[in-house]
Amino acid sequence: MTSLLQNIARQFSSVQTPSWMGSRPKDVGICAMDVYFPSLYVDQNDLEVYDNVSQGKYTIGLGQSKMAVCQASEDINSACMTAVSNLMEKYNIPYSAIGRIEVGTESIVDKSKAVKTSLMDMFAEKGNTDIEGIDSKNACYGGTAAVLNSAAWIESSAWDGRYSIAIAGDIAVYEKGPARPTGGAGVVAMLIGPDAPLVLEPVRSTHMENVWDFYKPTMVSEYPRVDGHLSNECYLRSLDTCYLGYTKKWSQWKGQQWKLSDADYSIFHAPYNKLVQKSFGRLCYLDYRQNNTQEFAALSPYAEMELAATYNDREFQKLLSSVSKQTYLDMVKDSELITKECGNSYCGSLYAGLLSLITNKSDSLLGSRILMFSYGSGLAATLFSLKVNGDVGFIAEKSDVLNRLDSRVKVEPSVFEDMLDDREKNYTKVDYQLDNPSTGLFPGTFFLKEVDGLERRYYGRATTQQQRGMATVATEERSTPITLNKESSAIAFNQQVTMRRLQTTGMIARGLRRFLRR
């Protein structure tokens, strides 16, 4: 095993055209994933008191528990650097094994220079600059575009046998007001390749329109313009359209009528989790309309009602919540962990839901089908599905979500408000260095050090003192990533991952072996 991995490291040092270019990859999907969220959070219960609103307005009305809070030294570039470095290091992926990187985000810090370019230093340092891909942007949909584009590249004639990394995430902040509690932050990095344990199925349905429900026309502010009522309606209308399109395509693919019970789990883009509950209820409603599902027979008075008329019908919403409650608990609740704890991460939200499901149910997911609904305002939406074809326990183990969430530090709402005020003031500031930029960050986190007079941004990395996820506070800085050379990385991989795990997942090792057959 050691000699095999050393051989992999050596051969990946120079990319050659693989002899298996003629064969087509199978079971393309998500091979590995990890998430970055900040080390600080504010509690929604505390926010309710601070904002002088009714008890439960945020925790019950929005369905949120906590909200991730970024420090002044964290921007979208540093967050994506951290997510990608964590993915590469935790799974010990050779840097030369990556042939494409695509970033899905709406949190731009430059109107021209892609976030993806900020990731290239860690790959260039390892001798790999032959990496396709760029940023994708449309509100919260960019992460799904990155995933689907990565899979399309692997399935194309241009594929050279390497993996892709799809990155989905944002820093969601709002001006003071009713939308502020729906903020949050997080970035999910995913390794996309063949022989994946989480396989993208060939059926999906997309809906797009030109609407002004959420947009960011002001280039000197992070804050969006939001029509919350319109955005919720657009979300539900898009879900209806995508679901009906998906069921039609499914029937053509399988030669039989789709039923909601054909899926084991449903995951949704989650601006706030109360909307997720409403959204899943609509799937139950549509299933009743299509299949007369007796489990949802109480919805019969609304069976012939125009779909648009149901979006704001409060009596209907109450009935829907009651009728779908148990099915929601069975199919959705386990995917809400990270989004309830960290809030909205825009592009990362849907995939944080997937990692939450893996965290909670990894031992029983094999063979499951997972519906995935992605929505981005403006608007773009897609409903697709994943089939769990392999063990995903190693993803739960590597991401260590529960321990990392528990290791965060709570800030008071007044501190949270001050941090957002400072963030707003510094958004267009230039020619300055940040004071103690790594203080309080998780070990291994990248951070912004300086914005010079030409508005160029410089980054460092908090020293890794212990394993990620522990409560140790990083106090030292590094200006370059902490990485191993290819040979020592391969040896570490052998020490950390057993042959049994590689055989059961077929995740990285099988794909790398196939790539190396020349």
Side-chain angles (χ1 to χ4, degrees), residues 25-35 87 90-93 144 147-148 150-151 154-155 163 166 188-204 246 250 253-254 256 258-268 280 283 326-339 350-374 383-403 493 496-514:
K26 296 180 181 179
D27 293 337
V28 176
I30 301 171
C31 299
M33 61 193 305
D34 197 54
V35 63
L87 180 76
K90 288 182 180 182
Y91 295 90
N92 285 285
I93 303 165
T144 291
V147 170
L148 299 182
S150 294
I154 291 168
E155 293 175 337
Y163 288 91
V188 179
M190 294 162 278
L191 185 72
I192 310 296
D195 300 316
L198 296 161
V199 178
L200 284 159
E201 293 194 303
V203 178
R204 63 177 183 251
Y246 180 94
W250 170 276
W253 180 42
K254 290 290 189 178
Q256 63 187 44
W258 163 270
K259 302 183 296 296
L260 184 57
S261 58
D262 287 320
D264 299 283
Y265 299 96
S266 295
I267 303 176
F268 300 83
F280 180 73
L283 298 194
Q326 186 56 53
T327 315
Y328 158 79
L329 293 174
D330 294 338
M331 295 184 65
V332 182
K333 188 171 179 58
D334 285 313
S335 66
E336 294 180 343
L337 171 64
I338 297 174
T339 53
L350 179 65
Y351 302 96
L354 177 60
L355 189 54
S356 296
L357 179 63
I358 291 170
T359 297
N360 284 321
K361 304 289 285 187
S362 62
D363 291 342
S364 58
L365 288 180
L366 186 62
S368 298
R369 174 171 290 111
I370 305 169
L371 283 180
M372 305 278 289
F373 177 64
S374 180
L383 181 69
F384 62 100
S385 55
L386 298 171
K387 191 66 181 293
V388 184
N389 276 10
D391 173 36
V392 291
F394 71 100
I395 296 177
E397 178 185 331
K398 292 290 184 182
S399 58
D400 194 27
V401 168
L402 291 173
N403 285 329
F493 181 42
Q496 295 175 19
V497 185
T498 66
M499 176 63 83
R500 179 192 62 80
R501 181 69 79 185
L502 288 171
Q503 289 172 337
T504 54
T505 63
M507 185 264 305
I508 295 175
R510 190 160 59 225
L512 296 182
R513 291 190 189 102
R514 183 183 290 122

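We number each residue from 1, following the sequence as shown.
- Counting all heavy atoms, side chain and backbone alike, S266 lies closest to S335 at O-OG, 3.9 Å.
- Note: F394 and Y91 have perpendicular aromatic rings, judged against thresholds of 30 and 60 degrees for the angle between ring planes.
- For F373, the ring pair (Phe, Tyr, Trp, His ring centres under 6.0 Å) test picks out Y235, with sequence neighbours left out.
- Here the closest non-hydrogen pair linking Y351 and M190 is CD2-SD, 3.6 Å.
- With a 4.5 Å cut-off on side-chain heavy atoms, L354 and L198 count as touching.
- Here the closest heavy-atom approach between residue L87 and residue A189 is recorded as CD1-O, 3.8 Å.
- Separating the CD1 atom in I370 from the NZ atom in K361 is a distance of 12.0 Å, to the nearest 0.5 Å.
- In this structure, G193 and A196 approach most closely via the heavy-atom pair O-CB, 3.7 Å.
- Listed by chain and number, the residues in a side-chain contact (heavy atoms from CB on, under 4.5 Å) with E201 are Y246, W250, W253, R369, S385, K387 (sequence neighbours excluded).
- The side-chain heavy atoms of L260 and F280, taken from C-beta on, include a pair separated by under 4.5 Å.
- Side-chain contact between V388 and D264: absent, with no pair of heavy atoms (C-beta onward) separated by less than 4.5 Å.
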Walk me through it: do V199 and L386 pass the test side-chain contact (heavy atoms from CB on, under 4.5 Å)? CA-CA 5 Å; V199 178; L386 298 171; over 6 Å; no
Trace of the side-chain contact (heavy atoms from CB on, under 4.5 Å) decision for I267 with V332: CA-CA 6 Å; I267 303 176; V332 182; over 6 Å; no
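- When all heavy atoms of D391 and P197 are compared, the pair lying nearest together is O-CB, 3.8 Å.
- A distance of 7.0 Å separates NZ of K90 from CG of D400, quoted to the nearest 0.5 Å.
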Assess the residue pair T327 and L283 against the criterion (side-chain contact (heavy atoms from CB on, under 4.5 Å)); give the C-alpha distance rounded to whole Å, side-chain angles, the decisive distance to 0.1 Å, and a yes or no. CA-CA 11 Å; T327 315; L283 298 194; over 6 Å; no
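- For residues 327-338, there are no salt bridge (Lys or Arg N to Asp or Glu O under 4.0 Å) pairs, not counting sequence neighbours.
- Within the model, atoms CG of D34 and CG of L191 stand 12.0 Å from one another, a figure rounded to the nearest 0.5 Å.
- Interatomic distance, K26 NZ to N389 CG, rounded to the nearest 0.5 Å: 12.5 Å.
- Remark: L402 pairs with L337, T359 by the side-chain contact (heavy atoms from CB on, under 4.5 Å) rule, at least two apart or across chains.
- Of all non-hydrogen atoms in P194 and I154, the two that sit nearest each other are CD-CG2, 4.4 Å.
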Would you sort out whether L148 and R204 count as a side-chain contact (heavy atoms from CB on, under 4.5 Å), showing the intermediate values? CA-CA 11 Å; L148 299 182; R204 63 177 183 251; 3.8 Å; yes
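- Remark: S374 pairs with Y141, T144, L350 by the side-chain contact (heavy atoms from CB on, under 4.5 Å) rule, at least two apart or across chains.
- The side-chain contact (heavy atoms from CB on, under 4.5 Å) search around S362 returns I358, V392, A396, not counting sequence neighbours.
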